[in-house]
Amino acid sequence: MSQNPAPRVRFAPSPTGFLHVGGARTALFNWLYARSQGGTFILRIEDTDQQRSTEESYAAILRGLNWLGLDWDEGPHAGGDFGPYLQSERLDLYREHLDRLAAEDKVYKCFCTAEDLEAREKAVTDAGGVWEGYDRHCAHLSPEEIAVAEQAGKPCAWRLRTPDEGSTFWYDLIVDKREFQNTVLVDRVIVKADGFPTYQFACVVDDHLMGITHVLRGDDHVSNTPFQILIYQALGWPVPKFGHMPMILGPDRKRLSKRHGATSVEEFQTLGILPAAMLNYLALLGWSPGGNAKEVMSAQEIIKKFSLKKVGSSPAAFDYDKLNHINSEHIKNLSAVERLQLALPIITERGWGLDPDWMIHGCDGTEAYLGRVLGTLGNRFSSLITLPEQIGFFFTDEHFVDQEAWAGHVASDAARENLAALADALEAALDLAVAQPAGAFEEVIRTTAEARGVQAGDLIHPSRVALTGQSRSAGIFEVMELVGAPRTIRRLRAAAAAG
RNA sequence: GUCCCCGUCGUCUAGUGGUUAGGACACCGCCCUUUCACGGCGGCAACACGGGUUCGAUCCCCGUCGGGGAUGCCA
């Protein structure tokens, strides 16, 4: 019904660092918008800063996007009809449009060096004045003056002539009308002395040439927008729609930085965060499904509900607790097969596996065993990071031991005696040559408790710590089944002796 | 300094010119459980402040304060 053509949006990172959460969020919202509107998501690399751009950053950004599952329709490796998608390969295009602006006298050559500008700024401030940006020193050089400078071999940058009167405004997709008085806009450089365009210029030329309809970017770009609109006007081009999304802050509401913890997307991967959870959490930062709608969602569900109208306008603090919660919810939603795929590399990289000698009831291989282990874990499996600690005892005697739990449940004469008695009883009652099911262990524990005149719990709690090193675990009878009778008895005896 | 934006529980947020201001995380308590976790139930906790406009403002306007951003030949 709508007459609007399908939107074309882009994420345009500069390869000068890793993909950080702010960039990821920007990429995500562009992606969500494209996917929810049947539009096109474009990836463009803004590598016009010859000093800071690196191959490593470029690769890292692509890795980060891939990890999150943000696939682009046009861009590096994807191709497209509007390439190339690296700005460093589009220099001819910028030159062409600069020439046009120059021919129309909408830009001018500036021979000021960084030192010149510094000196003049210092002079102004020393005199008690306020330096309000470039002073248009070169705005009205005569042809002779320009010739002299060029003959002297002075490099020049190009600046856009900006108006002094009126205002420049736009209707923001997120924050309604935004307006800047033209007097606060300065004649900024659009092509640097090295011949490369500045961000301001390359961005406008590319957005137009690539048919970008909606520019969704961080709020830190707001002050660039009026200047860029002036460039569009100088070039005689229509202005796309702009939407400036609020910043993401650290938990202390200061600028998010490394000192707050992980800030690069890839760090979260090593922290055991699932990409789907990261995506989910990032989406919740600034956007809301509304009302009492559930927050734990898949990418598809988010796409279905996404709307720019529901994107808020206030900065959000990054909350690691909430991220972890979303993450554990995503893990809980995984199928048994998916959990197995997730856990398998974690145990194999530690060299853990099923020893055939253990004769575990109903298990004939590491995968089957791990599957059973994860089964007993159930929803206790909520973190990739704590998983090794949670299940290590199933695979090795060199497992994690919670000293507090040990002191509380094993380190007493009564506990040691109970453990020793239980070990004896198990050895006497069970055929150690065959795998034993959980029920067999339970029966021995209950009869032993009765025989000794103690509560079953008096045997269960010390046993749990003796076997798992922890005060919390899956049902203890299942644990015994999966640890196997020989190892169970050995650990009970070891605990009784060590207490 | 100047310009711009933002301001609902500690955090993410929903919301309306008249609501017991809703949900989620975290926290606390209870239940379940041989334990822990999960789960269930309950609790604590917010409209930054001051003026207007209005019969009535969390919501509209102005100011103050607080926070953030920009102020580059970085993006």
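Proteins come first, then strands; the chains are lettered A, B, ... in the order of their sequence lines, and each starts at number 1. As a basis for the values below, the full set of heavy atoms in this structure was taken, side chains included, without hydrogen atoms, waters or symmetry mates.
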Q.
Need one value for Q200(A): base, sugar-phosphate or nothing, where a base atom within 4.0 Å counts as base even if backbone is also close, heavy atoms only.
A. base
Q) In Watson-Crick or G-U wobble terms, both distances under 3.5 Å, what is the partner of C65(B)? A) G7(B)
Q: Return the value, rounded to whole Å, for the distance between atom CG of D220(A) and atom P of C3(B).
A: 21 Å
(Q) Counting the benzene-type ring for Trp, do F268(A) and F318(A) have ring centres under 6.0 Å apart? (A) yes
Q. Touch check for K294(A), heavy atoms < 4.0 angstrom, all strands: base, sugar-phosphate only, or nothing?
A. nothing
Q. Counting any heavy atom closer than 4.0 Å, what does E295(A) reach on the DNA or RNA strands: base, sugar-phosphate only, or nothing?
A. base
Q: Consider the side chain of D319(A), meaning its heavy atoms from C-beta on, and name the nucleotide among A24(B), U11(B), C74(B) that approaches it most closely.
A: U11(B)
Q: Give a yes/no answer on whether the side chain of S382(A) brings an N or O atom under 4.0 Å of OP1 or OP2 in A37(B).
A: no
Q. Within this structure, what is the CD-to-C1' distance between E404(A) and U35(B), rounded to whole angstrom?
A. 14 Å
Q.
Categorize S473(A) for me: base, sugar-phosphate, or nothing, with a 4.0 angstrom heavy-atom threshold over every strand shown.
A. base
Q) For G218(A), which contact category applies under a 4.0 Å heavy-atom criterion: base, sugar-phosphate, or nothing? A) nothing
Q.
Please confirm whether the ring centroid of F41(A) lies under 6.0 Å from the ring centroid of Y33(A).
A. no
Q) Reckon K192(A) has a side-chain N or O less than 4.0 Å from the OP1 or OP2 of C74(B)? A) yes
Q.
Using a 4.0 Å heavy-atom cut-off, does A316(A) contact any base of the nucleic acid, only the sugar-phosphate backbone, or nothing at all?
A. sugar-phosphate
Q.
Counting distance alone, no hydrogens or angles: does the base of C5(B) have a donor or acceptor under 3.5 Å from a partner atom on the side chain of R178(A)?
A. no
Q. Atom NZ of K177(A) to atom P of C4(B): distance rounded to whole Å?
A. 13 Å
**Q.** Pairwise P distance for A21(B) and A48(B), with rounding to whole Å
**A.** 15 Å
Q. Expressed as a whole number of Å, how far does the C1' atom of U11(B) sit from that of C49(B)?
A. 22 Å
Q | Protein-nucleotide distance (Q87(A), atom CD; A75(B), atom P), rounded to Å | A | 8 Å
Q: Give none if G72(B) has no partner; otherwise give the nucleotide forming a Watson-Crick or G-U wobble pair with it, both distances under 3.5 Å.
A: none
**Q.** Rounded interatomic separation in angstrom, taking CH2 from W131(A) and P from U2(B)
**A.** 19 Å
Q. If the P atom of G15(B) is compared with that of C55(B), how far apart are they to the nearest Å?
A. 28 Å
Q: Determine whether the side chains of D206(A) and Y94(A) contain a donor N or O and an acceptor N or O closer than 3.5 Å.
A: yes
Q: Measure from the ring center of W287(A) to the ring center of F306(A) and say whether it is less than 6.0 Å.
A: yes
Q.
In whole Å, I'd like the distance from the CZ atom of R452(A) to the P atom of U34(B).
A. 22 Å
Q.
When you measure from the side-chain N and O atoms of R255(A) to the phosphate of G69(B), is any distance below 4.0 Å, counting only OP1 and OP2?
A. yes
(Q) Should the side chain of N224(A) and the base of A75(B) be counted as holding a donor-acceptor pair, with the cut-off at 3.5 Å? (A) yes
Q) Taking CG from D206(A) and P from A75(B), how many angstroms apart are they, rounded to a whole number? A) 12 Å
Q. What is the nucleic acid contact for G291(A), judged by heavy atoms within less than 4.0 Å: base, sugar-phosphate only, or nothing?
A. base
**Q.** side-chain N/O K332(A) vs C38(B) OP1/OP2, d < 4.0 Å
**A.** no
Q: Using distance alone, with no hydrogens and no angle criterion, decide if T376(A) and E478(A) have a side-chain donor and acceptor under 3.5 Å apart.
A: no
Q: Determine the Euclidean distance between corresponding P atoms of U2(B) and C60(B); express it in Å to zero decimal places.
A: 27 Å
Q: Just call it for C112(A): base, sugar-phosphate, or nothing, with non-hydrogen atoms closer than 4.0 Å on any strand.
A: base
**Q.** Rounded C1' spacing from U58(B) to A14(B) in Å
**A.** 13 Å
Q | Touch class at under 4.0 angstrom, heavy-atom based, for A317(A) against every strand present | A | sugar-phosphate
Q. At under 4.0 Å between heavy atoms, what does H409(A) touch on the DNA or RNA strands: base, sugar-phosphate, or nothing?
A. nothing
Q. Taking the same atom, P, in G51(B) and in U71(B), what whole-Å distance lies between them?
A. 38 Å
Q: Please state the C1' separation for the pair C9(B) and C28(B) - nearest whole angstrom.
A: 15 Å
Q.
Quick check: closest heavy atoms across R136(A) and P163(A), and the distance to 0.1 Å?
A. NH2-O, 4.3 Å
Q. With rounding to whole Å, what would you report as the distance between G10(B) and U20(B) at their C1' atoms?
A. 23 Å
Q.
Using a 4.0 Å heavy-atom cut-off, does R253(A) contact any base of the nucleic acid, only the sugar-phosphate backbone, or nothing at all?
A. sugar-phosphate
**Q.** Sugar-phosphate only, base, or nothing, as touched by S314(A) at under 4.0 Å among non-hydrogen atoms
**A.** sugar-phosphate
Q: Look at all strands and tell whether F381(A) reaches a base, only sugar-phosphate, or nothing, counting heavy atoms closer than 4.0 Å.
A: nothing
(Q) I'd like to check F180(A) versus W170(A) (side-chain heavy atoms, cut-off strictly below 4.5 Å). Are they in contact? (A) yes
Q: Rounded off to whole Å, could you give me the CG-to-P distance for the D187(A) and U71(B) pair?
A: 16 Å
Q.
Under the side chain to side chain contact (heavy atoms under 4.5 Å, CB included) test against T168(A), which residue among T225(A), L185(A), V239(A) passes?
A. L185(A)
